[in-house]
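See structure below.
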Amino acid sequence: MPFLHRIARASWLAGALTVMGTGQATPLPATIVPIDHTPFSHNLSDYAVSGLRDFDTSMKAIFHDDQASRKIGRDAGLIYRLKGNVHVLYKEGSNFRADGLVQGMRATVTINDTRQTYRVSALDIKQTVDLSKAPGKRTSLFELGMISQHYLSYAQGEFLGERLLDGVSCVVFKITFKGPNQDTSHRTVWIDPRTRITLRREEYLQVAQGGKLRDIWVYRDPQEVAPGIFFPARMELDNSDGEKAGETAFINTRVNVGLSDNLFRR
């Protein structure tokens with residue numbers, strides 16, 4: 001088997017945390033919320049999750065429409081090729097680990113901030129990539145519907161106003177990356193100030209690619225998994241036509257369990 005093909009198999013597991021694609025759509029209509037309460041903060045950092053030191057959860061694909069996924073891009077269906085539960089660990093500082101099955105073989109992705117390492121032990125595959133110059137491809141709590149202070153060390157938010165989303169008053173921000181870099185993509189997020197969960201996220205392409213809407217992520221049923229700490233129960237991916245491409249569920253989520261640093265070593 002060609003080496004690059006084996007690496008591609010290993011990288012499927014990374015697709016469980018970050019899925020890229022292309023497309024065009026019309027953003028959700030913005031409904032202005034009457035200000036009959038104390039205005040919400042216009043500072044994105046005020047919606048960063050606090051008190052979350054680590055978590056242990058399992059992610060399982062529960063729905064997939066291959067045709068709808070193809071409208072996003074060829075990589076959009078990667079997450080749904082993973083069988084069974086994907087065990088996901090996080091520790092503050094943007095340390096992630098995901099363990100799952102890729103075509104019957106156990107594979108692991110370990111993420112230490114900008115460095116991501118893919119392993120498939122049965123094929124003796126190990127590949128590390130450095131994403132320090134590609135902030136839009138870095139895995140963080142952002143992909144799971146949460147803003148962290150670490151994410152805000154390289155991203156920034158422009159307050160766009162308050163909007164209603166499914167009856168919930170949300171603060172809306174446009175997020176771009178700080179400093180001079182080649183990543184000109186941006187995203188628009190609807191955050192529930194009560195739970196600090198991103199209920200909707202629109203991902204837009206690089207300026208050179210037209211800056212068009214690429215795909216939409218919807219985070220549903222936020223659960224209070226610890227006092228003051230919420231976690232989405234389900235995550236939905238829609239294509240640029242608003243068609244549901246896939247959905248995953250998070251189960252058995254535990255927070256602040258005291259995960260060892262050794263779990264995240266490459």
State, with a plain yes or no, whether a side-chain heavy atom of [X] is found less than 4.5 Å away from one of [Y].
X: Tyr219; Y: Arg201; result: yes
X: Phe142; Y: Ser148; result: no
X: Ile251; Y: Ser58; result: yes
X: Asn112; Y: Arg265; result: no

Heavy atoms only: give me the nearest Pro222-Leu199 pair and the separation to one decimal.
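Looking at all heavy atoms of both residues, the shortest contact is CG-CD2, 4.1 Å.
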Is the backbone N or O of [Y] less than 3.5 Å from a side-chain atom of [X], with the two atoms forming a donor-acceptor pair by type?
X: Arg196; Y: Ala48; answer: yes
X: Tyr47; Y: Ser41; answer: yes
X: Asp54; Y: Val257; answer: yes

Going by atom types alone, do His64 and Ser69 pair a side-chain donor with an acceptor below 3.5 Å?
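His64 vs Ser69: donor-acceptor pair found between side chains.
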Within 45 degrees of the axis of the six-membered ring of Phe177 and under 6.0 Å from its centre: does Arg138 put its NZ or CZ there?
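Arg138 over Phe177 ring: no.
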Cation-pi check, Lys91 onto Phe264 ring (under 6.0 Å, within 45° of axis)
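No, Lys91 does not lie over the aromatic ring of Phe264.
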Walk me through it: do Thr108 and Arg106 pass the test side chain to side chain donor-acceptor pair (under 3.5 Å)?
CA-CA 7 Å; Thr108 299; Arg106 293 209 167 272; over 6 Å; no
Per the salt bridge (charged side-chain N to carboxylate O under 4.0 Å, His left out) rule, which among Lys212, Arg187, Lys174 passes with Glu203?
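The passing option is Arg187.
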